[in-house]
Every structure is written in structure tokens, then in C-alpha cells.
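Written below as C-alpha cells is the structure these notes are about.
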Amino acid sequence: MAAEPEVLDELHRLRARVPQLTGALAASADGLVLAHDTPGVEPDGLAALTAAALGVAVRLSDATGQGDFRELLVRGVHGYVATYAAGGSAVLTLLAQDRVNVGRLHLEGRRSGTRIGELVDAATARGEPVTSARAPVKPGPAPSRTRPARGAPGSRAAATPTPNTPRTSES
């Protein structure tokens with residue numbers, strides 16, 4: 001993606017503005033890393049977890065009538081994980097120390113999410129794919145045991161699959 005250097009530059013500027021940030025990652029809504037500044041954290045795993053959390057957050061906000069997804073905040077013993085909508089197809093995930101000013105985190109995260117969304121949406125409008133510049137990861141060997149299909153006899157529960165297309169809105 002041609003916007004990757006600009007997105008990475010925005011992540012670096014964001015970390016300079018909020019010194020308590022310990023990492024920043026921009027990813028597509030389906031979990032592909034666009035750019036990252038995450039020392040000590042594996043970016044592909046964080047992007048995948050972000051996509052999973054985004055899916056739950058989107059469904060939760062829809063189910064409760066709160067409208068399109070804007071942001072998600074998780075507080076752990078050692079700090080925060082904040083995820084912000086970044087345009088129509090990307091998200092920004094920030095890792096912060098417990099002593100961060102949460103208001104400042106939201107202010108700067110929303111601003112950067114808007115900027116990253118503009119960069120990604122502009123690249124998409126130019127016809128560039130929204131994927132990482134790195135080589136794709138090759139899938140591992142197929143699992144050796146098989147499971148019955150959902151809803152088939154022997155499966156745990158009959159469930160209707162829902163599309164995995166989380167919607168985000170501009171910040």
C-alpha cells in the first residue's frame with residue numbers, strides 16, 4: 001500500500017504526542033497489518049485480536065442501538081488497549097501505560113484515527129489494495145482431524161453463520 005509510509009509516520013507522531021503510549025498499530029478491519037510501531041508486541045497477532053474485538057464491538061453497538069462503531073477501550077492491570085475507527089476499512093489500536101491521561105488518549109487517538117482513515121481511504125480510492133507491504137504468511141498444514149459442519153448431526157449447536165464484515169464509521 002502506497003500510504004504505508006504516511007501511516008507509519010502518523011503512528012510515530014502520535015507516540016511523540018502521547019509519551020505514555022507503548023505501541024500503535026493500524027490494521028484493516030479484517031486483521032491485516034497496515035503499519036505498526038509496537039515494540040515487544042507481535043503486530044500480526046495484535047491485528048488479529050483487534051479484528052476479533054472489533055467484530056464483537058460492532059455487534060454489541062448494533063444490538064444495543066448505539067449506532068456505528070467508533071471506539072473500544074479495554075483497561076488491564078498494567079494499562080489500556082484502545083481501538084478507534086479509522087475511515088471505512090481500517091482501525092487504529094493503541095497500547096498505553098496505566099498512568100496515561102485517558103482523555104488525552106481519546107483526543108489524540110481520534111485525531112490520528114481520522115488522519116489514518118483519510119490516508120487509507122485515499123489509497124483505496126486510487127485502487128491500491130488495503131494490505132500490508134510484507135509478503136503474505138503461508139498457511140500451515142491442514143488440521144488432521146475434521147469436525148462436522150455447523151448444524152450437522154454431531155455438531156455442538158446449530159448456528160446460522162453471520163457475515164464477518166464489520167462496519168466502521170469515520171471518527
Side-chain angles (χ1 to χ4, degrees), residues 1-59 61 67-76 78-97 100-140 163-171:
M1 175 173 122
E4 184 178 7
E6 291 95 351
V7 172
L8 185 58
D9 189 45
E10 179 62 30
L11 296 181
H12 290 305
R13 286 194 306 269
L14 174 60
R15 289 200 59 198
R17 290 191 310 265
V18 184
Q20 295 81 19
L21 286 183
T22 59
L25 171 125
S28 66
D30 58 356
L32 297 174
V33 176
L34 302 176
H36 67 92
D37 183 7
T38 55
V41 176
E42 199 275 313
D44 291 320
L46 180 58
L49 288 169
T50 295
L54 177 64
V56 171
V58 166
R59 289 183 71 175
S61 65
D68 290 340
F69 170 81
R70 295 293 177 119
E71 58 197 47
L72 171 69
L73 182 67
V74 176
R75 182 175 182 209
H78 302 294
Y80 295 88
V81 179
T83 299
Y84 301 91
S89 63
V91 292
L92 170 65
T93 294
L94 304 177
L95 308 176
Q97 298 170 352
V100 72
N101 178 315
V102 177
R104 178 75 186 268
L105 176 68
H106 284 319
L107 175 70
E108 297 295 345
R110 291 169 186 154
R111 285 180 180 168
S112 288
T114 298
R115 176 70 180 135
I116 289 168
E118 291 167 354
L119 293 169
V120 171
D121 290 347
T124 302
R126 291 190 302 267
E128 299 171 16
V130 181
T131 60
S132 173
R134 294 176 296 165
V137 177
K138 293 183 180 179
N164 190 11
T165 53
R167 292 171 283 142
T168 60
S169 64
E170 300 262 320
S171 295

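For reference, positions follow the sequence shown, starting with 1. Nothing here was measured: the structure is a model prediction, and the numbers come from that model.
Annotation for Ala82 and Leu105: closest pair CB-CD2, 4.1 Å, computed over non-hydrogen atoms. Here the closest heavy-atom approach between residue Asp37 and residue His12 is recorded as OD2-ND1, 3.2 Å. Minimum interatomic distance between Gly87 and Asp121 (heavy atoms only, all atoms of both residues): CA-OD2, 3.5 Å. In terms of heavy atoms, Leu25 sits closest to Ala27 at CD2-CB, 3.7 Å. Nearest heavy atom pair, residue Val33 against residue Ala47, reads CG2-CB, 3.7 Å.
Glu4 CD to Glu128 CD: the interatomic distance, rounded to the nearest 0.5 Å, is 11.0 Å. The structure places CD of Glu108 at 11.5 Å from CZ of Arg13, a figure rounded to the nearest 0.5 Å. Within the model, atoms CG of Leu54 and CD of Glu71 stand 12.5 Å from one another, a figure rounded to the nearest 0.5 Å. Note that OG of Ser89 and CG of Leu32 are 10.5 Å apart. Values are rounded to the nearest 0.5 Å. Going from atom CG of Leu119 over to atom CG of Leu8 covers 11.5 Å, rounded to the nearest 0.5 Å.
At distances below 3.5 Å, not a single donor-acceptor pair connects side-chain atoms of Gln97 with backbone N or O atoms of Val100. Remark: side-chain polar atoms of Ser61 are paired, donor with acceptor, to backbone N or O of Gly67 under 3.5 angstrom.
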Using the rule given for side chain to side chain contact (heavy atoms under 4.5 Å, CB included), can you reason through Val102 versus His106, listing the C-alpha separation, both sets of side-chain angles and the distance that settles it, and then say yes or no?
CA-CA 6 Å; Val102 177; His106 284 319; 3.7 Å; yes
Show your reasoning for whether side chain to side chain contact (heavy atoms under 4.5 Å, CB included) applies to Val74 and Tyr80.
CA-CA 6 Å; Val74 176; Tyr80 295 88; over 6 Å; no
What verdict does the side chain to side chain contact (heavy atoms under 4.5 Å, CB included) test give for Leu11 and Ile116, after you've listed the backbone C-alpha separation in whole Å, the side-chain angles of each residue and the deciding distance to 0.1 Å?
CA-CA 9 Å; Leu11 296 181; Ile116 289 168; 3.8 Å; yes
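The shortest side-chain heavy-atom distance between Leu14 and Leu21 falls under the 4.5 Å cut-off. The side-chain heavy atoms of Leu92 and Leu94, taken from C-beta on, include a pair separated by under 4.5 Å. With a 4.5 Å cut-off on side-chain heavy atoms, Leu72 and Tyr84 do not count as touching. Using a 4.5 Å cut-off on side-chain heavy atoms (C-beta onward), Leu49 and Val81 make no contact.
Residues Ser112 and Arg17 bring a donor and an acceptor atom of their side chains to less than 3.5 Å of each other. Between the side chains of Thr50 and Thr83, no donor-acceptor pair of N or O atoms lies under 3.5 Å.
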